[in-house]
Colleague: 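The structure that follows is given in the form of C-alpha coordinates.
Remember, it's a predicted structure, so these values are computed and weren't measured experimentally. Every number for a ligand or one of its atoms is a count from 1 in the order of the listing.
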Amino acid sequence: MSLPSSFANLRLPVIGSPLFIISNPNLVIAQCEAGVVGSFPALNARPASMVDEWLARITEELAAYDGAHPDAPAAPFAVNQIVHKSNDRLEHDVASCIKYRVPIVITSLGARPDINDAIHSYGGIVLHDVISIEHAHKAIERGADGLIAVAAGAGGHAGALSPFALVQEIRAWWDGPLALSGSIATGSAILAAQAAGADLAYIGSAFIATDEANATDGYKRAIVDAAAGDIAYTNYFTGVLGNYLKPSIRNAGLDPDALPPADPSKMNFGSEGLDAKKAWKDIWGCGQGIGAVRDVLPTRDLVARLAAEYETAVARTMRSAESYASRVAAR
Ligand SMILES: Cc1cc2nc3c(=O)[nH]c(=O)nc-3n(C[C@H](O)[C@H](O)[C@H](O)COP(=O)(O)O)c2cc1C
(Lines give C-alpha, C1' and ligand atoms only; values in the text may rest on other atoms or scores of the structure.)
Protein backbone atom coordinates (compact mmCIF):
# COMPACT_ATOMS: atom_id res chain seq x y z
CA MET A 1 0.00 0.00 0.00
CA SER A 2 1.32 3.47 -0.81
CA LEU A 3 1.71 6.14 1.87
CA PRO A 4 -1.11 8.68 2.32
CA SER A 5 -0.68 12.06 0.62
CA SER A 6 0.28 13.56 4.02
CA PHE A 7 3.74 12.11 3.34
CA ALA A 8 4.21 13.92 0.05
CA ASN A 9 7.25 16.23 -0.15
CA LEU A 10 9.61 14.01 1.86
CA ARG A 11 13.26 14.28 0.85
CA LEU A 12 13.94 11.15 2.89
CA PRO A 13 11.52 8.49 4.26
CA VAL A 14 12.02 9.80 7.81
CA ILE A 15 9.94 11.07 10.71
CA GLY A 16 11.87 13.13 13.29
CA SER A 17 10.22 11.60 16.35
CA PRO A 18 8.70 13.55 19.27
CA LEU A 19 11.11 14.13 22.17
CA PHE A 20 9.88 15.16 25.63
CA ILE A 21 11.27 18.61 26.60
CA ILE A 22 13.63 18.59 23.56
CA SER A 23 11.34 19.09 20.53
CA ASN A 24 10.31 22.70 20.04
CA PRO A 25 9.08 24.81 17.10
CA ASN A 26 12.67 25.60 15.98
CA LEU A 27 13.48 21.89 15.64
CA VAL A 28 10.15 21.00 14.00
CA ILE A 29 10.40 23.80 11.43
CA ALA A 30 14.04 22.90 10.65
CA GLN A 31 13.13 19.22 10.21
CA CYS A 32 10.20 19.99 7.88
CA GLU A 33 12.21 22.48 5.83
CA ALA A 34 15.01 19.91 5.52
CA GLY A 35 12.45 17.48 4.08
CA VAL A 36 11.64 15.08 6.92
CA VAL A 37 8.50 15.01 9.10
CA GLY A 38 9.07 17.16 12.19
CA SER A 39 7.15 16.53 15.40
CA PHE A 40 6.74 17.60 19.02
CA PRO A 41 4.86 16.26 22.06
CA ALA A 42 1.93 18.60 22.84
CA LEU A 43 3.03 18.43 26.51
CA ASN A 44 6.26 20.28 25.63
CA ALA A 45 4.25 23.47 25.17
CA ARG A 46 3.71 24.67 28.75
CA PRO A 47 1.38 26.09 29.93
CA ALA A 48 -1.29 24.44 27.76
CA SER A 49 -2.17 27.77 26.11
CA MET A 50 1.29 27.66 24.42
CA VAL A 51 0.15 24.82 22.13
CA ASP A 52 -1.87 27.25 20.02
CA GLU A 53 1.09 29.65 19.84
CA TRP A 54 3.44 26.87 18.71
CA LEU A 55 0.95 25.58 16.13
CA ALA A 56 0.30 29.09 14.79
CA ARG A 57 4.04 29.70 14.37
CA ILE A 58 4.80 26.33 12.78
CA THR A 59 1.83 26.61 10.38
CA GLU A 60 2.69 30.17 9.34
CA GLU A 61 6.43 29.62 8.90
CA LEU A 62 5.96 26.43 6.88
CA ALA A 63 3.35 28.13 4.67
CA ALA A 64 5.80 31.01 4.06
CA TYR A 65 8.55 28.47 3.26
CA ASP A 66 6.27 26.69 0.79
CA GLY A 67 5.45 30.02 -0.86
CA ALA A 68 9.15 30.74 -1.32
CA HIS A 69 10.03 27.18 -2.42
CA PRO A 70 7.11 25.99 -4.57
CA ASP A 71 9.27 23.30 -6.23
CA ALA A 72 10.51 21.82 -2.95
CA PRO A 73 7.91 22.53 -0.26
CA ALA A 74 8.39 21.54 3.38
CA ALA A 75 7.52 18.09 4.72
CA PRO A 76 4.38 17.84 6.91
CA PHE A 77 4.58 18.07 10.70
CA ALA A 78 3.14 15.94 13.49
CA VAL A 79 1.98 16.44 17.07
CA ASN A 80 2.36 13.69 19.68
CA GLN A 81 -0.48 13.12 22.16
CA ILE A 82 0.11 11.03 25.27
CA VAL A 83 -3.19 9.15 25.58
CA HIS A 84 -2.62 8.19 29.21
CA LYS A 85 -5.17 8.63 32.01
CA SER A 86 -2.82 11.02 33.83
CA ASN A 87 -2.76 13.44 30.86
CA ASP A 88 -5.38 15.96 31.94
CA ARG A 89 -4.60 18.22 28.94
CA LEU A 90 -5.51 15.68 26.28
CA GLU A 91 -8.94 17.12 25.29
CA HIS A 92 -7.50 20.65 25.17
CA ASP A 93 -4.49 19.64 23.09
CA VAL A 94 -6.58 17.58 20.64
CA ALA A 95 -8.89 20.60 20.17
CA SER A 96 -5.80 22.64 19.18
CA CYS A 97 -4.81 19.96 16.63
CA ILE A 98 -8.30 20.18 15.12
CA LYS A 99 -8.17 24.01 15.06
CA TYR A 100 -4.83 24.01 13.22
CA ARG A 101 -5.65 20.92 11.12
CA VAL A 102 -2.41 19.19 12.17
CA PRO A 103 -1.63 16.80 9.28
CA ILE A 104 -0.29 13.90 11.39
CA VAL A 105 -1.03 13.04 15.03
CA ILE A 106 1.14 10.48 16.81
CA THR A 107 -0.58 8.78 19.75
CA SER A 108 1.34 7.02 22.54
CA LEU A 109 0.53 5.00 25.67
CA GLY A 110 -3.15 4.49 24.77
CA ALA A 111 -5.40 4.20 21.67
CA ARG A 112 -8.86 5.84 21.72
CA PRO A 113 -11.43 5.70 18.87
CA ASP A 114 -12.87 9.15 19.80
CA ILE A 115 -9.44 10.79 19.46
CA ASN A 116 -8.88 9.06 16.09
CA ASP A 117 -12.34 10.17 14.87
CA ALA A 118 -11.60 13.76 15.94
CA ILE A 119 -8.38 13.83 13.88
CA HIS A 120 -10.09 12.17 10.90
CA SER A 121 -12.85 14.83 11.01
CA TYR A 122 -10.62 17.36 9.20
CA GLY A 123 -8.56 14.87 7.14
CA GLY A 124 -5.67 14.33 9.57
CA ILE A 125 -4.11 10.92 10.03
CA VAL A 126 -3.16 9.10 13.22
CA LEU A 127 -0.04 6.98 13.70
CA HIS A 128 0.09 4.97 16.93
CA ASP A 129 3.36 3.84 18.48
CA VAL A 130 3.59 0.28 19.77
CA ILE A 131 6.17 -2.04 21.31
CA SER A 132 4.16 -5.27 20.89
CA ILE A 133 1.98 -7.06 18.35
CA GLU A 134 -0.93 -7.08 20.82
CA HIS A 135 -0.86 -3.28 21.05
CA ALA A 136 -0.51 -3.01 17.26
CA HIS A 137 -3.74 -5.00 16.75
CA LYS A 138 -5.57 -2.89 19.35
CA ALA A 139 -4.43 0.38 17.74
CA ILE A 140 -5.71 -0.64 14.29
CA GLU A 141 -8.99 -2.02 15.72
CA ARG A 142 -9.52 1.37 17.39
CA GLY A 143 -9.03 3.30 14.15
CA ALA A 144 -5.37 4.33 13.84
CA ASP A 145 -4.25 4.85 10.22
CA GLY A 146 -0.73 3.57 10.71
CA LEU A 147 1.72 2.13 13.19
CA ILE A 148 5.12 3.06 14.58
CA ALA A 149 7.00 -0.04 15.69
CA VAL A 150 9.25 0.97 18.59
CA ALA A 151 11.88 -1.76 18.70
CA ALA A 152 14.73 -2.60 21.06
CA GLY A 153 17.38 0.08 21.38
CA ALA A 154 15.05 3.06 20.89
CA GLY A 155 15.59 6.19 22.96
CA GLY A 156 13.18 7.01 25.78
CA HIS A 157 10.42 4.50 26.46
CA ALA A 158 11.34 1.53 24.29
CA GLY A 159 10.37 -2.04 23.57
CA ALA A 160 12.52 -5.12 23.86
CA LEU A 161 11.69 -6.83 20.54
CA SER A 162 14.12 -7.00 17.64
CA PRO A 163 13.11 -4.68 14.77
CA PHE A 164 13.13 -7.69 12.42
CA ALA A 165 10.71 -9.65 14.61
CA LEU A 166 8.41 -6.66 15.17
CA VAL A 167 8.16 -5.61 11.51
CA GLN A 168 7.83 -9.19 10.26
CA GLU A 169 4.94 -9.96 12.63
CA ILE A 170 3.15 -6.66 11.93
CA ARG A 171 3.58 -7.00 8.15
CA ALA A 172 1.98 -10.50 8.34
CA TRP A 173 -1.43 -8.77 8.73
CA TRP A 174 -0.94 -5.01 8.22
CA ASP A 175 -0.09 -3.47 4.83
CA GLY A 176 -0.82 0.15 5.79
CA PRO A 177 1.66 2.85 6.83
CA LEU A 178 4.40 1.53 9.12
CA ALA A 179 7.34 3.41 10.61
CA LEU A 180 10.18 1.67 12.44
CA SER A 181 12.14 3.08 15.33
CA GLY A 182 15.09 2.03 17.43
CA SER A 183 18.73 3.10 16.99
CA ILE A 184 18.33 4.47 13.45
CA ALA A 185 20.95 7.18 12.94
CA THR A 186 22.46 6.57 9.47
CA GLY A 187 21.24 6.56 5.88
CA SER A 188 21.94 2.84 5.57
CA ALA A 189 19.80 2.15 8.65
CA ILE A 190 16.95 4.12 7.00
CA LEU A 191 17.26 1.88 3.94
CA ALA A 192 17.46 -1.18 6.22
CA ALA A 193 14.15 -0.17 7.84
CA GLN A 194 12.58 -0.11 4.37
CA ALA A 195 14.22 -3.40 3.38
CA ALA A 196 12.80 -4.99 6.53
CA GLY A 197 9.29 -3.92 5.45
CA ALA A 198 8.72 -0.49 7.02
CA ASP A 199 7.77 2.59 4.96
CA LEU A 200 9.52 5.14 7.11
CA ALA A 201 12.32 5.40 9.65
CA TYR A 202 11.44 7.12 12.95
CA ILE A 203 14.50 8.87 14.36
CA GLY A 204 14.81 10.52 17.77
CA SER A 205 18.15 10.53 19.56
CA ALA A 206 20.24 11.69 16.59
CA PHE A 207 18.18 14.92 16.52
CA ILE A 208 19.09 15.73 20.15
CA ALA A 209 22.61 16.62 18.95
CA THR A 210 21.38 19.48 16.76
CA ASP A 211 21.61 23.25 17.24
CA GLU A 212 17.82 23.59 17.35
CA ALA A 213 17.09 20.91 19.98
CA ASN A 214 16.11 22.15 23.43
CA ALA A 215 18.81 20.23 25.30
CA THR A 216 21.79 21.43 27.32
CA ASP A 217 25.25 21.48 25.75
CA GLY A 218 26.24 18.74 28.23
CA TYR A 219 23.45 16.46 26.94
CA LYS A 220 24.34 17.13 23.28
CA ARG A 221 28.06 16.48 23.95
CA ALA A 222 27.23 13.28 25.86
CA ILE A 223 25.37 12.00 22.77
CA VAL A 224 28.39 12.80 20.58
CA ASP A 225 30.77 11.09 23.02
CA ALA A 226 28.66 8.00 23.83
CA ALA A 227 28.01 4.72 22.00
CA ALA A 228 25.67 1.75 22.40
CA GLY A 229 27.50 0.41 25.47
CA ASP A 230 26.75 3.65 27.35
CA ILE A 231 22.98 3.09 27.30
CA ALA A 232 21.00 1.61 30.25
CA TYR A 233 17.54 -0.01 29.85
CA THR A 234 15.50 0.53 33.02
CA ASN A 235 12.00 1.34 34.34
CA TYR A 236 13.44 3.04 37.44
CA PHE A 237 12.81 6.65 36.38
CA THR A 238 9.23 6.66 34.98
CA GLY A 239 7.80 3.22 35.73
CA VAL A 240 8.05 2.27 32.03
CA LEU A 241 11.10 0.54 30.51
CA GLY A 242 13.28 2.90 28.52
CA ASN A 243 16.84 3.69 27.40
CA TYR A 244 18.98 6.37 29.07
CA LEU A 245 22.56 7.61 28.95
CA LYS A 246 24.55 5.95 31.75
CA PRO A 247 26.75 9.04 32.38
CA SER A 248 23.62 11.06 33.32
CA ILE A 249 22.57 8.34 35.80
CA ARG A 250 26.05 8.42 37.35
CA ASN A 251 25.87 12.25 37.53
CA ALA A 252 22.70 11.81 39.61
CA GLY A 253 24.69 9.70 42.08
CA LEU A 254 23.23 6.33 40.99
CA ASP A 255 24.84 3.18 39.63
CA PRO A 256 23.26 2.56 36.18
CA ASP A 257 24.12 -1.14 36.41
CA ALA A 258 22.44 -1.68 39.80
CA LEU A 259 19.16 0.28 39.79
CA PRO A 260 16.30 -0.94 42.01
CA PRO A 261 12.88 -1.83 40.45
CA ALA A 262 10.41 1.02 39.83
CA ASP A 263 6.95 1.93 41.08
CA PRO A 264 4.71 2.21 37.94
CA SER A 265 2.05 4.17 39.89
CA LYS A 266 4.46 7.14 39.92
CA MET A 267 3.93 7.75 36.20
CA ASN A 268 2.42 11.19 35.58
CA PHE A 269 2.06 12.88 32.21
CA GLY A 270 -0.42 15.58 33.26
CA SER A 271 0.01 19.31 33.26
CA GLU A 272 1.42 18.82 36.74
CA GLY A 273 3.74 16.10 35.44
CA LEU A 274 6.66 17.66 37.21
CA ASP A 275 8.01 14.30 38.34
CA ALA A 276 8.35 13.22 34.73
CA LYS A 277 9.79 16.59 33.75
CA LYS A 278 12.37 16.51 36.54
CA ALA A 279 13.38 12.92 35.75
CA TRP A 280 13.81 13.63 32.01
CA LYS A 281 15.69 16.87 32.62
CA ASP A 282 18.50 15.27 34.60
CA ILE A 283 18.33 11.68 33.36
CA TRP A 284 18.95 11.82 29.64
CA GLY A 285 16.86 9.56 27.40
CA CYS A 286 18.84 8.14 24.47
CA GLY A 287 18.78 5.20 22.05
CA GLN A 288 21.60 2.81 21.17
CA GLY A 289 22.28 4.22 17.68
CA ILE A 290 24.21 7.32 18.69
CA GLY A 291 27.64 5.86 17.91
CA ALA A 292 26.96 7.36 14.45
CA VAL A 293 26.54 10.89 15.88
CA ARG A 294 29.92 12.61 15.76
CA ASP A 295 29.06 16.34 15.91
CA VAL A 296 26.40 18.75 17.07
CA LEU A 297 25.06 20.10 13.77
CA PRO A 298 22.33 22.32 12.39
CA THR A 299 19.32 20.05 11.68
CA ARG A 300 19.59 20.68 7.94
CA ASP A 301 23.19 19.38 7.96
CA LEU A 302 22.19 16.25 9.87
CA VAL A 303 19.42 15.56 7.31
CA ALA A 304 21.87 16.25 4.45
CA ARG A 305 24.31 13.71 5.99
CA LEU A 306 21.50 11.12 6.27
CA ALA A 307 20.43 11.82 2.65
CA ALA A 308 23.97 11.41 1.28
CA GLU A 309 24.43 8.15 3.22
CA TYR A 310 21.02 6.92 2.04
CA GLU A 311 21.93 7.52 -1.61
CA THR A 312 25.24 5.67 -1.16
CA ALA A 313 23.44 2.77 0.56
CA VAL A 314 20.83 2.57 -2.23
CA ALA A 315 23.57 2.49 -4.91
CA ARG A 316 25.59 -0.16 -3.00
CA THR A 317 22.50 -2.32 -2.41
CA MET A 318 21.49 -2.10 -6.08
CA ARG A 319 25.02 -3.13 -7.15
CA SER A 320 24.90 -6.17 -4.84
CA ALA A 321 21.41 -7.10 -6.08
CA GLU A 322 22.50 -6.79 -9.73
CA SER A 323 25.63 -8.83 -9.10
CA TYR A 324 23.50 -11.50 -7.36
CA ALA A 325 20.99 -11.47 -10.26
CA SER A 326 23.73 -11.88 -12.88
CA ARG A 327 25.28 -14.81 -10.95
CA VAL A 328 21.87 -16.48 -10.77
CA ALA A 329 21.31 -15.86 -14.53
CA ALA A 330 24.73 -17.38 -15.38
CA ARG A 331 23.94 -20.66 -13.56
C1 LIG B 1 14.80 12.12 25.25
C2 LIG B 1 13.67 11.40 24.60
C3 LIG B 1 12.37 11.82 24.82
C4 LIG B 1 11.29 11.16 24.21
N5 LIG B 1 10.03 11.65 24.41
C6 LIG B 1 8.99 11.07 23.77
C7 LIG B 1 7.67 11.60 23.89
O8 LIG B 1 7.42 12.59 24.58
N9 LIG B 1 6.67 10.98 23.22
C10 LIG B 1 6.90 9.87 22.45
O11 LIG B 1 5.96 9.36 21.84
N12 LIG B 1 8.14 9.35 22.30
C13 LIG B 1 9.17 9.93 22.94
N14 LIG B 1 10.44 9.43 22.78
C15 LIG B 1 10.64 8.27 21.90
C16 LIG B 1 10.96 8.74 20.47
O17 LIG B 1 9.89 9.44 19.93
C18 LIG B 1 11.37 7.56 19.56
O19 LIG B 1 10.55 6.45 19.72
C20 LIG B 1 12.82 7.16 19.80
O21 LIG B 1 13.62 8.28 20.03
C22 LIG B 1 13.37 6.41 18.59
O23 LIG B 1 14.58 5.77 18.87
P24 LIG B 1 16.03 6.47 18.67
O25 LIG B 1 16.11 7.49 19.75
O26 LIG B 1 16.97 5.33 18.88
O27 LIG B 1 16.07 7.07 17.32
C28 LIG B 1 11.53 10.05 23.38
C29 LIG B 1 12.85 9.63 23.15
C30 LIG B 1 13.92 10.30 23.73
C31 LIG B 1 15.31 9.87 23.44
Colleague: Could you say whether the N/O atoms of Gly204 and ligand 1 ever approach to under 3.5 Å?
Modeller: yes
Colleague: Looking at every non-hydrogen atom in both residues, tell me the closest pair between Lys220 and Thr210 and how far apart they are.
Modeller: NZ-O, 2.8 Å
Colleague: I need the nearest protein heavy-atom contact for atom 18 (C) of ligand 1: residue, atom name and distance, please.
Modeller: Ser17 OG, 3.4 Å
Colleague: Taking atom types as modelled, find out whether Asp145 and His120 have a side-chain donor-acceptor pair closer than 3.5 angstrom.
Modeller: yes
Colleague: Quick one: look up the protein heavy atom nearest atom 1 (C) of ligand 1 and list residue, atom name and how far away it is.
Modeller: Tyr219 OH, 3.3 Å
Colleague: Can you tell me the protein heavy atom closest to atom 26 (O) of ligand 1 and the distance?
Modeller: Ser183 N, 2.8 Å
Colleague: Flag Ser108 as yes when one of its N or O atoms lies below 3.5 Å from any N or O atom of ligand 1, and as no otherwise.
Modeller: yes
Colleague: Answer yes or no: does an N/O atom from His157 fall short of 3.5 Å to an N/O atom of ligand 1?
Modeller: no
Colleague: I need the nearest protein heavy-atom contact for atom 14 (N) of ligand 1: residue, atom name and distance, please.
Modeller: Pro18 O, 3.3 Å
Colleague: Give a yes/no on ligand 1: does Gly289 have at least one heavy atom closer than 4.0 angstrom to it?
Modeller: no
Colleague: How does Ala154 reach ligand 1, if at all, at less than 4.0 Å between non-hydrogen atoms: by side chain, backbone, both, or neither?
Modeller: both
Colleague: Considering both backbone and side-chain atoms of Gly155, is one of its nitrogen or oxygen atoms within less than 3.5 Å of a nitrogen or oxygen in ligand 1?
Modeller: yes
Colleague: Relative to ligand 1, is Asp129 under 4.0 angstrom through side chain, backbone, both or neither, heavy atoms considered?
Modeller: side chain
Colleague: Quick check on side-chain contact (heavy atoms from CB on, under 4.5 Å): which of Val167, Ile148, Val150 does Leu180 satisfy it with?
Modeller: Val167
Colleague: What do you reckon, does Ile22 have a nitrogen or oxygen under 3.5 Å from a nitrogen or oxygen of ligand 1?
Modeller: no
Colleague: Kindly work out whether a path of hydrophobic side-chain contacts (I/L/V/M/F/W/Y, heavy atoms less than 4.5 Å apart) joins Leu191 to Tyr202.
Modeller: no
Colleague: Please find the pair of heavy atoms, one from Ile290 and one from Ser205, that lie closest to each other, and give the distance.
Modeller: CG2-CB, 3.8 Å
Colleague: Return the residue, atom name and 0.1 Å-rounded distance of the protein heavy atom closest to atom 5 (N) of ligand 1.
Modeller: Phe20 N, 2.8 Å
Colleague: Provide, to 0.1 Å, the distance between atom 30 (C) of ligand 1 and the closest protein heavy atom, together with that atom's residue and name.
Modeller: Leu19 CD2, 3.5 Å
Colleague: State whether Asp257 and Lys246 are salt-bridged, where the test is any N-O pair (Lys NZ or Arg NE/NH1/NH2 against Asp/Glu carboxylate O) under 4.0 Å.
Modeller: yes
Colleague: Does a donor on one side chain sit under 3.5 Å from an acceptor on the other, for Arg327 and Ser323?
Modeller: yes
Colleague: Can you list the ligand 1 atoms lying under 4.0 Å from a non-hydrogen atom of Ser181?
Modeller: 19 (O), 22 (C)
Colleague: Sort out for me which residue in Ile104, Val37, Val102 forms a side-chain contact (heavy atoms from CB on, under 4.5 Å) with Phe77.
Modeller: Val102
Colleague: Give me the one residue out of Tyr219, Tyr236, Phe237, Trp284 that meets ring-ring contact (aromatic ring centres under 6.0 Å, His included) with Tyr244.
Modeller: Phe237
Colleague: Given Ala206, Ser205, Gly16, identify the one with the heavy atom nearest to atom 25 (O) of ligand 1.
Modeller: Ser205
Colleague: I need the nearest protein heavy-atom contact for atom 9 (N) of ligand 1: residue, atom name and distance, please.
Modeller: Asn80 OD1, 2.7 Å
Colleague: Show the atoms of ligand 1 that are less than 4.0 angstrom away from any heavy atom in Gly156.
Modeller: 29 (C), 30 (C), 31 (C)
Colleague: Record the part of Phe207 in heavy-atom contact with ligand 1 below 4.0 Å; permitted values are side chain, backbone, both and neither.
Modeller: neither
Colleague: Indicate, with yes or no, if Phe40 and Met50 share a hydrophobic cluster defined by side-chain heavy-atom contacts under 4.5 Å among Ile, Leu, Val, Met, Phe, Trp and Tyr.
Modeller: yes
Colleague: Closest non-hydrogen protein atom to atom 2 (C) of ligand 1, residue and atom name please, with distance?
Modeller: Trp280 CZ3, 3.6 Å
Colleague: Which of the atoms in ligand 1, numbered in the order shown and given with their element, are less than 4.0 Å from a heavy-atom of Ile203?
Modeller: 27 (O)
Colleague: For Leu62 and Cys32, which heavy atoms make the closest approach, and how far apart are they?
Modeller: CD2-CB, 3.7 Å
Colleague: Is Gly153 near ligand 1, meaning one of its heavy atoms is under 4.0 Å from it?
Modeller: yes
Colleague: Where on Pro41 is there a heavy atom closer than 4.0 Å to ligand 1, on the side chain, on the backbone, on both, or on neither?
Modeller: side chain
Colleague: What distance do Leu109 atom CG and Gln81 atom CD have between them, rounded to the nearest 0.5 Å?
Modeller: 12.0 Å
Colleague: Using the side-chain contact (heavy atoms from CB on, under 4.5 Å) rule, pick out the option among Arg57, Glu61, Gln31 that qualifies with Asn26.
Modeller: Arg57
Colleague: Could you tell me which non-hydrogen atom of Ala139 sits nearest to which non-hydrogen atom of His128, and how far apart they are?
Modeller: CB-CD2, 3.4 Å
Colleague: Heavy-atom contact check, 4.0 Å cutoff: does Phe40 meet ligand 1?
Modeller: no
